[in-house]
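Working notes, structure below.
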Amino acid sequence: AVRTLALSQQTAGNLEVFHHNTFTNNIVYADLVFSIPHIPAEDLWLVRLFSVLLPQVGNGYRSYEETLEYTQENTGGIGAFTMLNHQVQEASSFMPTFHLRGKAMYHKADKFFGLLFDMVTNPNFTDRTRLKELILKHYTNLQSGFVSGSLKYAMN
């Protein structure tokens, strides 16, 4: 059976906040959604790369090592991804969005939301050694995904 959850909407500064209460065993879940402006097709790969790199670099006043430690200590994880959303008003229309999603125990919500704020407002992409490491790791993941994806495609 499908449960319907009452969704409240509030405005906080220039943000729209949607919230619903439900039992989560004292875990706070957050999904920050940002509209992606028009980007030329040849540059879309950069948005994907940004979503891969953002959760793995330093932010605020922290190095990537400190950010990783702080994230592991205070959250259940934070990830970033892009999505194409169907528009209710026009089913053939899509809106690209960038998501930053994570979870934390309720008693650590202030640290969790502070970390999300730092990731959004002050990411640190200056550590070239770290960036090279992450890009090579992403490249390897894409290569292995291509092989397994082609096998799945052939089987289907």
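Any value given below was found using the heavy atoms of this structure, including those in side chains, with hydrogens, waters and symmetry copies removed.
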- Message: Per the salt bridge (Lys or Arg N to Asp or Glu O under 4.0 Å) rule, what does the pair list look like for residues 113-141, sequence neighbours excluded?
- Response: R62-D118, R130-E133
- Item | Residue pairs fulfilling ring-ring contact (aromatic ring centres under 6.0 Å, His included) with at least one residue in residues 52-81, sequence neighbours excluded |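 Of all non-adjacent pairs touching residues 52-81, those that pass ring-ring contact (aromatic ring centres under 6.0 Å, His included) are F81-H99.
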- Query: What pairs of residues pass the ring-ring contact (aromatic ring centres under 6.0 Å, His included) test when at least one of them lies in residues 121-150, not counting sequence neighbours?
  - Reply: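 Checked against ring-ring contact (aromatic ring centres under 6.0 Å, His included) - neighbours excluded - the pairs reaching residues 121-150 are F50-F125.
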Which distance, rounded to the nearest 0.5 Å, do you find between the [atom1] of [X] and the [atom2] of [Y]?
X    : Y    : atom1 : atom2 : result
I78  : Q56  : CD1   : CD    : 12.5 Å
N59  : T121 : CG    : OG1   : 8.0 Å
F112 : I27  : CZ    : CD1   : 11.0 Å
L142 : I135 : CG    : CD1   : 11.5 Å
N141 : L136 : CG    : CG    : 11.0 Å

- E42: partners by side chain to side chain contact (heavy atoms under 4.5 Å, CB included), with sequence neighbours left out: P40
- Message: Holding to side chain to side chain contact (heavy atoms under 4.5 Å, CB included), I want the full list of residues that pass it with L5, two or more places apart in sequence or in another chain.
- Response: R3, H20, T22
With side chains defined as the heavy atoms from C-beta onward, is the minimum distance between [X] and [Y] less than 4.5 Å?
X    : Y    : answer
M95  : S35  : yes
N85  : F94  : no
V52  : L134 : no
E16  : Q9   : yes
L32  : L116 : yes
N122 : F117 : no
T97  : T82  : no
T67  : L115 : yes

Do you know which two heavy atoms are closest between [X] and [Y], and how far apart they sit?
X    : Y    : answer
K111 : N74  : CD-OD1, 3.2 Å
P123 : M119 : CD-O, 3.5 Å
V57  : N124 : CB-O, 3.4 Å
A80  : S51  : CB-O, 3.3 Å

Hydrophobic cluster membership, with links at side-chain heavy-atom distances under 4.5 Å among I/L/V/M/F/W/Y: are [X] and [Y] in one?
X   : Y   : answer
V47 : L49 : yes
F18 : V33 : no
L84 : F34 : no

- Check whether more than 12 heavy atoms from other residues, nucleotides or ligands sit under 6.0 Å from atom CD of E65, and answer yes or no. yes
Which donor-acceptor pairs under 3.5 Å do side chains of residues 101-110 form with protein atoms, sequence neighbours excluded?
unit_1, atom_1, unit_2, atom_2, d
R101, NE, D31, OD2, 3.4
R101, NH2, D31, OD2, 2.8
K108, NZ, E73, O, 2.8

- Message: For a side-chain contact (heavy atoms from CB on, under 4.5 Å) check, start with the C-alpha distance between V120 and L100, then their side-chain angles and the critical distance, and finish with the verdict.
- Response: CA-CA 9 Å; V120 169; L100 194 56; 3.7 Å; yes
